[in-house]
Amino acid sequence: MLNAAVAAVTDRIVERSRSTRRAYLDLIDRERENGIRRPNLGCANLAHAYAGTDEDREAMKADRGMNIGIVTSYNDMLSAHAVYYRYPEQMKVWAREAGATAQVAGGVPAMCDGVTQGYPGMELSLFSRDTIALSTAVALSHGTFEGAALLGICDKIVPGLLMGALRFGHLPTILIPGGPMPTGLPNKAKAAVRERYAVGDASREELLDAEIQAYHGKGTCTFFGTANTNQMMMEVMGLHMPGSAFVNPGTKLRQELTRAAVHRLTEIGARGDDYRPLGWCVDEKAIVNAAVGLLATGGSTNHLLHVPAIARAAGVIIDWEDFDRLSAAVPLIARVYPNGSADVNAFEAAGGMPYVIRELIGSGHLHADLMTVSPGGMASFGEKPMMDGETLAWADPGVSGDETILRSPAAPFSADGGMRILQGNIGRACIKVSAVDKERWVVEAPARVFNDQLDVLEAFKAGELEQDVVVVVRFQGPRANGMPELHKLTPPLGVLQNRGFKVALVTDGRMSGASGKVPCAIHCSPEALLDGAIGKIRDGDRIRVDAVAGTVDALVDAAEWAARPLAVAPPAATGMGRELFGMFRSLADEAEKGASAVLAGAGL
């Protein structure tokens, strides 16, 4: 039986989305019936589409089988996407095995937040999601595909691919992951070197060696940040081949799961008897499953932006109150770094997503009755893939292989999902407390106010923050500078906390999916550039961040607070291409809606 709170939130979303979802379903019905597709294209148009292939031209001309459009995020700068180098050529072979054809429809940019953290390039990061959505739309706009295979893993890439592909929701679509790199230097050891470097006790050479030991090969980073949270969500939404999220690259199992995905895609097209278009799969129940999975596994706070944006692209409206209500009802059943010491490889070995999904279906926290790409429905995602000789097979994952990593909903790490919505005279913000010690859930201390995270680092180095402090970093919202992650603040704030000070962060910006032990009130809305009250805070104001009561307030006399002027915004930065994204900054809507310029501009 479905949990009552999950059912109630689902009903709220269905009711709120009634008109927008209907309009979306009407759109994809029209596109299926009357949109641009191969039988309607002129001969010259088709000749252009087929000119780049020799092996498949005759099959394409005959139009007997599905033509799959591959949208790839391959590059060899980003470890998670470097694995995709040979995928298109392999997928073409596997498509032929099933009587179909495949073409690379287009590429999308895949930038790495790990490379750009703390530098100007990070100000393009969130808007790269919208750029990916646009690039996906361009790739699929030719009308020559009956299905789509999306190759992408990391932070903005999966949300962007989905946002773009959902506007072509009449096409059956499968997301194909590449898997995590093997385990390197443990995350806690890496974090310890970072903190030692922050206080001058480790050299740059020592830090670089530690980082390279941690990030050492092809595949996703092994902590449970935004990239791996993406893969978790694709499983609970039913958009992968079951159990494929965390299988390492370069293995026979990884290859066979990709092969199975291509074969399955050919079976769920409009010409067959098992039509499963993306727009039918991504409905209100799938979006609730994504939110539940996020909370049950302690995933990245970045998805408080991405889930609403993905949902809007499918005509579904979810807000932070929905997450807050779900968090109160969904148990935390996984401990993966930064919410524990294990990495995703240890998580996978303990049972991984098949265990999580089976258990959450059994406890009534996941919708089991949604359309998935798998013929076995959501229940099949509760089975673990394996090689039975040369054959791909699935089996029950059994009991948790390590109860310090995975537990059942009946005996969770926490009775709730560890995310809260904070509201007060500063605005509306989010906080993730699943990795924060409970004695730190309430912090009341004087404010130090900054307009740039680099200024925080300078103040830390100068010893100006050696006290109980609430660090306020404003003008970091989507309209101001693209809402960069403020991950460089994690080591110094962690050092201050380790020294015994009460420390918290309040910002209209983002923190990384790797943030953890310091309480952070993030995504504060309205942002400072849109006259948000975070712009009223002054040095020395007493700030209270209370994750127990769900409040974030400046403890300032109400009359004084009302009369206090807003801070003047710094001028928009230029260089590193940031000026080219002025349109995105000017159109981006608030964080709770997904901070998307393209969705706002489209009126979605």
Side-chain angles (χ1 to χ4, degrees), residues 23-74 84 87-109 130-152 160-176 261-272 275-280 313-314 598 601-602 604:
Y24 174 74
L25 293 174
D26 288 346
L27 168 73
I28 64 173
D29 283 349
R30 289 196 304 272
E31 290 295 284
R32 177 190 175 188
E33 296 300 324
N34 303 314
I36 302 301
R37 49 199 172 120
R38 282 199 288 169
N40 297 342
L41 288 174
C43 294
N45 305 83
L46 289 173
H48 280 291
Y50 300 162
T53 181
D54 295 324
E55 301 94 330
D56 293 321
R57 187 178 298 133
E58 289 305 312
M60 290 177 176
K61 180 180 175 183
D63 191 23
R64 286 191 292 266
M66 175 184 285
N67 189 32
I68 298 168
I70 302 169
V71 183
T72 178
S73 58
Y74 164 75
Y84 287 135
Y87 273 46
E89 292 307 309
Q90 293 173 328
M91 291 168 67
K92 290 176 184 180
V93 172
W94 295 329
R96 291 176 200 132
E97 291 175 348
T101 56
Q103 294 176 286
V104 175
V108 301
D130 283 13
T131 305
I132 291 161
L134 295 173
S135 300
T136 303
V138 170
L140 297 178
S141 67
H142 296 91
T144 56
F145 308 111
E146 288 80 44
L150 308 181
L151 308 186
L161 286 167
L162 269 180
M163 289 163 63
L166 280 164
R167 305 315 294 176
F168 297 79
H170 60 292
L171 297 178
T173 300
I174 296 180
L175 286 98
I176 299 178
V262 175
H263 288 180
R264 179 59 183 159
L265 194 51
T266 68
E267 297 168 356
I268 58 176
R271 299 178 185 181
Y275 181 47
R276 298 181 183 227
L278 180 64
W280 291 4
V598 297
L604 298 176

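Just so you know, these numbers use all the heavy atoms, side chains as well, and skip hydrogens, waters and symmetry mates.
- Among residues two or more places apart in sequence or in another chain, the side chain to side chain donor-acceptor pair (under 3.5 Å) test is passed with Arg276 by Asp274.
- The shortest distance between side-chain heavy atoms of Ile132 and Leu161 falls below 4.5 Å.
- Taken from CD1 in Ile68 to OG1 in Thr173, the straight-line distance is 10.5 Å, to the nearest 0.5 Å.
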Check against side-chain contact (heavy atoms from CB on, under 4.5 Å), Thr136 and Met163: CA-CA 8 Å; Thr136 303; Met163 289 163 63; over 6 Å; no

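- Between Leu27 and Arg167, some side-chain heavy-atom pair lies under the 4.5 Å cut-off.
- Within the 4.5 Å cutoff, the side chain of Leu166 has heavy atoms near those of the Tyr24 side chain.
- Side chains of Leu162 and Leu175 form a contact here, defined as non-hydrogen atoms less than 4.5 Å apart.
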Step-by-step side-chain contact (heavy atoms from CB on, under 4.5 Å) determination, Thr72 to Met91: CA-CA 12 Å; Thr72 178; Met91 291 168 67; over 6 Å; no

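- A pairwise comparison of heavy atoms in Met60 and Thr101 identifies CG-OG1, 3.9 Å as the closest pair.
- The neighbour count for Arg271 CZ, taken as heavy atoms of other residues, nucleotides or ligands under 6.0 Å away, is above 12.
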Could you go through Tyr87 and Ile176, starting from their C-alpha distance and side-chain angles, then the distance that decides it, and tell me whether this counts as side-chain contact (heavy atoms from CB on, under 4.5 Å)? CA-CA 10 Å; Tyr87 273 46; Ile176 299 178; 4.0 Å; yes

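- Among residues two or more places apart in sequence or in another chain, the side chain to side chain donor-acceptor pair (under 3.5 Å) test is passed with Arg38 by Tyr50, Asp63, Glu146.
- Of all the heavy atoms in Val71 and Ala105, the pair that sits closest is CG2-CB, 4.4 Å.
- Atom-to-atom distance recorded for Arg30:CZ and His170:NE2 is 12.0 Å, nearest 0.5 angstrom.
- Within the model, atoms CG of Leu171 and CD1 of Ile28 stand 9.5 Å from one another, a figure rounded to the nearest 0.5 Å.
- The shortest non-hydrogen separation linking Ala102 to Ile70 is CB-CD1, 4.1 Å.
- Of all the heavy atoms in Ser73 and Leu151, the pair that sits closest is OG-O, 2.7 Å.
- A salt bridge (Lys or Arg N to Asp or Glu O under 4.0 Å) check over residues 96-106, counting only residues at least two apart or in different chains, returns the pairs Asp56-Arg96, Glu97-Arg259.
- Distance CD/Gln103 to OG1/Thr53: 6.5 Å, rounded to 0.5 Å.
- Residues that satisfy the salt bridge (Lys or Arg N to Asp or Glu O under 4.0 Å) test with Glu89, not counting sequence neighbours, are Lys92.
- The heavy-atom pair separating Val262 from Ala95 by the smallest distance is CG1-N, 3.6 Å.
- Residues satisfying the salt bridge (Lys or Arg N to Asp or Glu O under 4.0 Å) test with Glu31, not counting sequence neighbours, are none.
- The two atoms that bring Thr266 and Ala98 nearest to each other are OG1-CB, 3.6 Å, heavy atoms only.
- Take Arg37 and apply the side chain to side chain donor-acceptor pair (under 3.5 Å) test, not counting sequence neighbours, and it matches no residue.
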